[in-house]
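Scroll down for the structure; my scribbles are underneath it.
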Amino acid sequence: MSTGSAHHRRLLLRVWARNIHIYISMLGLLAVMFFSVTGIMLNHSDWFDLNDPRVTKMEGTLPAAMLKEPDKLAVVEKLRKDMGATGALDSFDVDEGTLEVVFKSPGRRTEASIDRVSGHAEVTVENHGFGGRIAELHRGTDAGPAWRLVIDITAVLLLITSLTGVTLWFLIPKWRPLGFTALAICIAGCLIVYFLFVP
C-alpha cells in the first residue's frame, strides 16, 4: 500500500513538474529570447558598435527669471520642450553661477549646463542608438522600477523552469543518469573556467 502510494505521489509530482515546466517555459519564452540576444550584445559590445556613443551638442537660452531662484520643474520642462531632453531626471545641481541638469534613459544621456546669469544653455546628448538602448534594458540601467520588475519576473520564471527541469530528470529513471551526467559536466566546466581562466 505504501509502495503504491509513494509511486502515485511520484507520478503526481512528475505530472505537475512537467506541466509547470512546459507552461512557465512558454510564458517566459520571449523574455528569455530578449535577454539571450542582449546578453550576447553586451558580451561583444564591439561587434555591435555600442562602445562609442553618437554625441550631439546644441545651445539655447532659458529665461533668466527662471534661474534666479531655480524653478526645478520649469527648467526641466523647458529643457524637454525646447532642447529635446528625454529620460528620467538623474540630477539637478545648483551652483552659484551655473545649473547642471542630467537626464538618463537606457542607452542615452543628456547633460545641460546653464549659466544662471545669461540663461545660456549648452546641451550634450550621448546616444548609443537602438542597440545600446536594448542592451541597457538587459541590465535595467536607468530603466525605472517597472522594467526592473520585468527582469525580476523573468529571473523567477527561469528559476522555476530550471528547478522543474531538474525534477523531471530526477523522476524519470531512464533519463536520470544522462541528466545527472549533464549537470555534473556543466558544474565542472563552470568551475574549471572560473578557477583557471577568470582573472
Side-chain angles (χ1 to χ4, degrees), residues 24 26-162 198-199:
I24 290 294
M26 290 173 63
L27 184 62
L29 180 62
L30 289 179
V32 170
M33 289 173 62
F34 173 82
F35 286 104
S36 298
V37 170
T38 52
I40 292 172
M41 292 175 70
L42 283 172
N43 209 31
H44 301 282
S45 57
D46 53 320
W47 294 0
F48 300 93
D49 195 27
L50 302 181
N51 296 327
D52 299 315
R54 292 185 293 277
V55 179
T56 306
K57 298 192 176 204
M58 63 188 80
E59 297 183 6
T61 304
L62 275 70
M66 189 185 289
L67 306 171
K68 199 168 191 179
E69 293 293 333
D71 184 338
K72 184 175 180 179
L73 180 60
V75 170
V76 167
E77 289 307 311
K78 186 75 171 171
L79 290 170
R80 290 190 191 280
K81 181 181 176 184
D82 294 350
M83 300 188 189
T86 60
L89 179 66
D90 183 65
S91 63
F92 189 95
D93 297 325
V94 182
D95 201 353
E96 185 175 339
T98 60
L99 275 180
E100 299 289 338
V101 188
V102 177
F103 301 86
K104 287 184 178 179
S105 63
R108 183 181 172 101
R109 184 179 190 275
T110 304
E111 182 176 349
S113 180
I114 308 164
D115 187 295
R116 293 180 62 189
V117 177
S118 66
H120 180 259
E122 295 181 354
V123 179
T124 303
V125 180
E126 295 180 2
N127 192 345
H128 289 268
F130 177 73
R133 185 169 181 81
I134 64 172
E136 290 299 304
L137 284 173
H138 179 101
R139 293 189 287 211
T141 306
D142 303 315
W147 186 257
R148 287 197 297 271
L149 179 61
V150 169
I151 295 175
D152 288 342
I153 291 171
T154 303
V156 171
L157 292 177
L158 281 172
L159 180 60
I160 293 172
T161 301
S162 301
V198 175

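On a predicted model such as this, the values are computed, not experimentally measured, just so you know.
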- Side-chain heavy atoms of Asp93 within contact of Val102, under 4.5 Å: no
- Query: Is there a donor-acceptor pair closer than 3.5 Å between any side-chain N or O of Asp115 and the backbone N or O of Val117?
  - Reply: yes
- Query: So do the side chains of Pro70 and Phe92 get within less than 4.5 Å of each other, counting heavy atoms only?
  - Reply: yes
- Message: Give me the atom names and distance for the closest heavy-atom approach of Arg148 to Gly140.
- Response: CG-O, 4.4 Å
- Message: What's the separation between atom CZ in Arg109 and atom CG in Asn127, rounded to the nearest 0.5 Å?
- Response: 13.0 Å
- Query: What are the two closest heavy atoms between Ser118 and Thr61, and how far apart are they?
  - Reply: O-CG2, 4.0 Å
- Query: Looking only at heavy atoms, what is the nearest atom pair of Arg139 and Ile151, with distance?
  - Reply: C-CD1, 4.1 Å
- Task: Can you see which heavy atom on Ala143 is nearest to which on Leu137, and at what distance?
- Result: CB-CD2, 4.0 Å
- Query: What do you reckon, is CE of Met26 surrounded by more than 12 foreign heavy atoms closer than 6.0 Å?
  - Reply: no
- Task: Decide yes or no for Thr110 and Met83: does some side-chain heavy atom of the first lie under 4.5 Å from some side-chain heavy atom of the second?
- Result: no
- Item | Distance (rounded to the nearest 0.5 Å) between Thr154 OG1 and Leu149 CG | 9.0 Å
- Under the side-chain hydrogen bond (donor to acceptor under 3.5 Å, both in side chains) test, residues paired with Arg133 that sit two or more places apart: none
- Separation of Ile114 CD1 from Leu79 CG (nearest 0.5 Å): 4.5 Å
- Query: What distance separates His128 NE2 from Arg54 CZ, expressed to the nearest 0.5 Å?
  - Reply: 9.5 Å
- Over all heavy atoms of both residues, which pair between Ile24 and Leu157 is shortest? Give the atoms and the distance, please. CG2-O, 3.5 Å
- Message: For a 4.5 angstrom cut-off between non-hydrogen side-chain atoms, does Val94 reach Arg116?
- Response: yes
- Item | With sequence neighbours excluded, residues passing side-chain hydrogen bond (donor to acceptor under 3.5 Å, both in side chains) with Glu59 | His120
With a 3.5 Å cut-off and sequence neighbours excluded, list the donor-acceptor pairs that the side chains of residues 27-50 form with protein atoms.
{"residue": "Ser36", "atom": "OG", "partner": "Val32", "partner atom": "O", "Å": "2.7"}
{"residue": "Thr38", "atom": "OG1", "partner": "Phe34", "partner atom": "O", "Å": "2.8"}
{"residue": "Thr38", "atom": "OG1", "partner": "Phe35", "partner atom": "O", "Å": "3.4"}
{"residue": "Thr38", "atom": "OG1", "partner": "His138", "partner atom": "ND1", "Å": "2.7"}
{"residue": "Ser45", "atom": "OG", "partner": "Asn51", "partner atom": "OD1", "Å": "2.9"}

- Message: Show the nearest heavy-atom pair for residues Leu89 and Lys72, with the distance to one decimal.
- Response: CD2-CE, 3.4 Å
- If you round to the nearest 0.5 Å, how far is CD of Glu126 from NZ of Lys57? 9.0 Å
- Query: Would Val156 and Ile160 count as a side-chain contact (heavy atoms from CB on, under 4.5 Å) if you check the C-alpha gap in whole Å, the side-chain angles of each, and the deciding distance to 0.1 Å?
  - Reply: CA-CA 6 Å; Val156 171; Ile160 293 172; 3.9 Å; yes
